[in-house]
Number of protein chains: 2
Amino acid sequence: MLGRVLNTHQQWLCRQFADAGYVVQRQVAVADSASAIQDAVRDALGRADLIVSTGGLGPTSDDLTRDAIAELLGRPLREDPAVLATLESWYAARRRTAPPAVRVQALVPEGARVLPNAHGTAPGLLLEFSPNPFRPAGPAAWLVMLPGPPRELRPMFTEQVLPWIRQTFPLPVPFVCRTLRSTGVPESVMQAHIADPLADLVRQGLEVGYCARPGEVDVRLASRRADAEALVGAAEAVVRREVGRHVYGGEAETLEAVVVRLLTGRGQTLAVAESCTGGHLASRITNVPGASVIFLGGFITYANTLKQNLVGVRPETLATHGAVSEPTAREMAEGARARTGADFALAVTGIAGPTGGTPEKPVGTAFLALASPAGTEVKRLLNAFDRETFKHMTSQQALELLRQKLLR
Amino acid sequence: MLGRVLNTHQQWLCRQFADAGYVVQRQVAVADSASAIQDAVRDALGRADLIVSTGGLGPTSDDLTRDAIAELLGRPLREDPAVLATLESWYAARRRTAPPAVRVQALVPEGARVLPNAHGTAPGLLLEFSPNPFRPAGPAAWLVMLPGPPRELRPMFTEQVLPWIRQTFPLPVPFVCRTLRSTGVPESVMQAHIADPLADLVRQGLEVGYCARPGEVDVRLASRRADAEALVGAAEAVVRREVGRHVYGGEAETLEAVVVRLLTGRGQTLAVAESCTGGHLASRITNVPGASVIFLGGFITYANTLKQNLVGVRPETLATHGAVSEPTAREMAEGARARTGADFALAVTGIAGPTGGTPEKPVGTAFLALASPAGTEVKRLLNAFDRETFKHMTSQQALELLRQKLLR
């Protein structure tokens with residue numbers, strides 16, 4: 001409510017539910033006050049069969065959710081010895097002793113099921129209301145209380161909550177949902193390519209959704225018909241026929257993971273030389289578990305002296321063409337490949353902004369180079385975005401340049 | 001509700017309100033259905049004096065908000081000739097004729113004030129309810145309907161809505177708010193350090209809030225008393241006295257921006273040699289506009305061959321101590337410093353996981369080294385987190401190691 005935190009939980013949880021075939025009716029955020037939390041939970045129990053709350057289970061004074069809900073629902077809190085032991089061993093594993101305040105995280109409302117937290121200290125809690133005190137004539141209701149940190153919430157939801165939901169609320173109809181992830185095609189162009197070819201399947205009960213992120217568009221194909229599997233399969237074939245070159249993977253796969261997988265399959269290695277992306281390209285690659293099999297490393301040649309000294313860009317090249325130029329990108333890639341012994345080397349040089357642009361090379365200009373056993377190719381881009389989006393878009397196009405090369 | 005869009009409006013609007021001294025009580029998102037929208041507005045009018053709605057004012061079939069609210073409140077829609085003329089000239093300026101569907105954007109509920117949209121076609125709308133039909137005994141209420149696209153909503157709010165709010169709801173008391181950002185202290189430890197020393201000021205009307213992100217805790221100090229400025233100032237002094245070493249900046253500043261600022265002020269330069277963080281440390285530094293003044297670049301020495309060839313780690317060091325060790329970190333930092341000519345070099349080597357751990361060096365183990373004109377210091381860490389959080393926490397501690405050095 002203070003605008004200090006972006007609510008990524010809403011998007012992430014809604015997506016998990018939607019992709020599993022469940023409809024989310026409402027999302028509410030309230031201030032850190034016991035009465036506001038109680039009011040929101042009371043209201044939600046009056047509307048829904050399943051409520052998910054996030055946050056407020058930690059050890060500090062503004063973590064009020066556990067107490068507020070226990071009080072609202074008349075479920076006294078009891079210290080759970082198993083939870084306390086887990087808490088203490090979590091601290092012991094990090095060579096710290098548990099401060100007294102963290103013990104509140106071992107308090108469990110009467111009748112609650114404990115959801116162990118593999119990535120933090122506050123366990124999740126699952127409460128059943130049968131009857132539902134705020135909808136006495138209605139069916140039983142459930143409240144799932146999840147910890148706030150995303151790296152704790154997400155695995156807990158995926159590994160523990162979602163399987164329980166599927167069992168407790170089985171879908172009355174088949175639900176098939178498949179997402180194809182693409183790069184290099186804007187959302188409106190994607191829609192112009194596939195909307196007409198999919199129209200027949202839509203009349204038969206296919207749902208088509210688009211989700212655009214910087215440099216990427218997801219196409220979501222879903223159906224709740226008896227023949228959902230066949231409908232979604234036919235739709236996927238249409239999308240792959242129309243724009244397949246740009247489809248890099250399915251639901252959970254990132255572009256960098258696809259590149260790591262392709263190189264791993266070929267037993268080949270990669271190095272980078274980054275100027276304007278400043279390490280972001282390498283960081284995306286090294287986010288992929290197992291990247292060390294194919295990624296040797298490389299150079300961040302932010303200063304021109306390092307372009308010369310670390311990867312051997314010739315002083316004449318910099319003097320004649322400038323640091324942001326095709327020849328510099330080419331020499332960076334070839335130098336990085338030679339000095340690391342990698343099969344492929346990607347180089348990036350450009351103007352991230354907000355300053356540094358010229359009429360011929362405005363802010364957002366970038367050159368990508370890919371050096372490979374077959375030679376070097378260079379590409380000029382214009383990514384006129386804010387600094388961080390520029391870095392992301394430029395690294396995206398570098399990864400895609402390599403992916404296209406590996407597919408040829 | 002499908003999880004395809006991140007709700008950035010909530011954070012942005014809440015922040016505008018909070019920083020202006022207004023308290024947001026509740027935020028609600030509902031599906032694109034007239035009944036869900038009406039239900040949400042009815043409920044909000046029963047609770048609040050001012051309601052802001054976003055989106056649903058455009059010309060497409062899922063833009064239901066204007067109609068739904070007019071119907072709920074019994075305010076018939078009338079085509080506003082001035083709005084229609086603005087619409088038509090908007091299209092004319094772009095050498096297009098207004099398609100018939102866009103005319104719905106000229107429909108204005110009876111009694112509404114029109115908020116011109118300088119960046120799009122749908123105007124905002126401001127409705128007063130006196131009396132408030134859903135809280136007849138309460139004060140008058142207002143509903144502000146804003147268009148959904150951020151580049152339309154934000155200037156409309158800042159330029160038209162906020163001045164109107166300040167006039168319509170003048171703050172009865174002064175409001176002072178200050179945020180201190182810290183690193184290296186977990187939220188519970190932060191609270192243990194400052195809660196007691198601040199208790200007196202809290203009794204006098206100080207509000208204290210905490211916001212934790214991985215590796216960081218914000219402390220927000222606010223007050224609405226006559227002596228708010230003095231109270232918040234006294235509170236800041238207490239926080240700085242108790243944990244000042246860990247406070248790196250104010251509201252909007254990141255740790256990497258502080259490091260760039262400190263180095264810029266001293267006219268000194270930085271290079272990196274990253275293994276386990278794989279470019280993330282450099283990427284954070286290069287996110288800061290102006291980083292090129294102090295950041296020369298560096299090495300990503302993911303493979304051991306590159307630790308030897310690029311920064312000169314000795315083969316005996318790797319053979320005797322391993323890649324994840326104090327001597328390797330030290331030689332990486334010293335090699336990076338020597339080969340780039342930077343004043344400072346930060347090196348990181350560790351085990352990001354999920355595999356690669358041993359009993360002596362479990363997943364999450366990392367060594368940081370800082371080479372400087374005064375010599376080299378090395379620090380051992382244990383960041384037992386998922387891969388991306390590990391990279392973030394480790395780069396955070398590297399930046400903080402340098403910041404502490406620069407403060408000495």
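Naming: A, B, ... by sequence-line order, numbering from 1 per chain. Bear in mind that the values here come from a model prediction, so they are computed numbers and not experimental data.
For chain B, the nearby parts of R26(A) are the backbone and the side chain; heavy atoms of each come within less than 4.5 Å. Only the backbone of V288(B) comes within less than 4.5 Å of a heavy atom in chain A; its side chain stays farther off. In this structure, the portion of P354(A) lying under 4.5 Å from any heavy atom of chain B is its side chain and not its backbone. Contacts of Y210(A) with chain B are made by backbone atoms alone, with heavy-atom separations under 4.5 Å and no side-chain atom involved. Contact annotation for H119(A): neither backbone nor side-chain heavy atoms come within less than 4.5 Å of a heavy atom of chain B. Contact of T355(A) with chain B is not made at all, since no heavy-atom distance falls under 4.5 Å. Contact of T121(A) with chain B is not made at all, since no heavy-atom distance falls under 4.5 Å. For D386(B), the part lying near chain A is the side chain, with the backbone staying farther off; criterion is any non-hydrogen pair under 4.5 Å. Using a 4.5 Å cut-off between heavy atoms, S292(A) contacts chain B through both its backbone and its side chain. In this structure, chain B has no heavy atom under 4.5 Å from any part of V23(A). For F385(B), the part lying under 4.5 angstrom from a heavy atom of chain A is the side chain only. Contacts of L306(A) with chain B are made by side-chain atoms alone, with heavy-atom separations under 4.5 Å and no backbone atom involved. Residue contact with chain A, scored on non-hydrogen atoms closer than 4.5 Å, involves the backbone and the side chain of L296(B) alike. At a 4.5 Å heavy-atom cutoff, S275(B) makes no contact with chain A through either its backbone or its side chain. Proximity to chain B (any heavy atom under 4.5 Å) is shown, for N304(A), by neither the backbone nor the side chain. Proximity to chain A (any heavy atom under 4.5 Å) is shown, for A40(B), by both the backbone and the side chain.
Atom CD in E388(B) sits 7.5 Å away from atom OG in S283(A) (nearest 0.5 Å).
Scanning residues 90-98 of chain A against chain B with a 4.5 Å heavy-atom cutoff picks out A93(A), R94(A), R96(A), ordered by number.
Of the listed residues (Q10(B), R213(B), R220(B)), the greatest number of heavy-atom pairs within a distance under 4.5 Å of chain A belongs to R220(B). Contact tally against chain A (heavy-atom pairs below 4.5 Å) for M190(B), Q191(B), Q16(B), H280(B): the top residue is Q191(B). The most heavy-atom pairs under 4.5 Å with chain A, out of A31(B), A384(B), G356(B), C211(B), come from A384(B). When each of G298(A), A303(A), G341(A), A352(A) is checked for heavy-atom pairs under 4.5 Å with chain B, G298(A) comes out on top. Chain A forms more heavy-atom pairs under 4.5 Å with one residue of T179(B), T301(B), T340(B), N309(B) than with any other, namely T340(B). Looking only at heavy-atom pairs under 4.5 Å with chain A, the residue among A291(B), G279(B), P362(B) that has the most is G279(B).
A donor-acceptor pair is defined here as one N or O able to donate and one able to accept, closer than 3.5 Å; such a pair exists between the side chain of T286(A) and the backbone of G278(B).
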| request: Applying side-chain contact (heavy atoms from CB on, under 4.5 Å), run through L2(B) and F17(A) and close with a yes or a no. | output: CA-CA 8 Å; L2(B) 293 172; F17(A) 278 111; over 6 Å; no
| query | Between Q25(A) and M1(B), does a side-chain contact (heavy atoms from CB on, under 4.5 Å) hold up when you go through it step by step? | reply | CA-CA 7 Å; Q25(A) 295 287 2; M1(B) 293 294 104; over 6 Å; no
| task | For side-chain contact (heavy atoms from CB on, under 4.5 Å), just list the numbers for Y302(A) and I285(B), CA-CA rounded to whole Å, side-chain angles, deciding distance to a tenth of an Å, and then say yes or no. | result | CA-CA 11 Å; Y302(A) 221 52; I285(B) 296 164; over 6 Å; no
| message | As a quick check of understanding, evaluate side-chain contact (heavy atoms from CB on, under 4.5 Å) for V28(A) and V28(B), giving each step before the final call. | response | CA-CA 4 Å; V28(A) 178; V28(B) 177; 4.2 Å; yes
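For the residue pair Q27(A) and Q27(B), a side-chain donor N or O sits within less than 3.5 Å of a side-chain acceptor on the partner.
Summarising the local packing, CZ of R42(A) is surrounded by more than 12 heavy atoms from other residues, nucleotides or ligands at distances under 6.0 Å.
Evaluation of the salt bridge (Lys or Arg N to Asp or Glu O under 4.0 Å) rule for R178(B) yields E229(B), E236(B) as partners, not counting sequence neighbours. Taking R47(A) as the reference, D43(A), D39(B) meet the salt bridge (Lys or Arg N to Asp or Glu O under 4.0 Å) condition, with sequence neighbours excluded. Residues that satisfy the salt bridge (Lys or Arg N to Asp or Glu O under 4.0 Å) test with D343(B), not counting sequence neighbours, are absent from this structure.
The shortest heavy-atom contact between V5(B) and Q11(A) is N-NE2, 3.6 Å. Of all the heavy atoms in L6(B) and L6(A), the pair that sits closest is CD2-CD2, 3.5 Å. Closest approach of A282(A) and I300(B) over heavy atoms only: CB-CD1, 3.2 Å.
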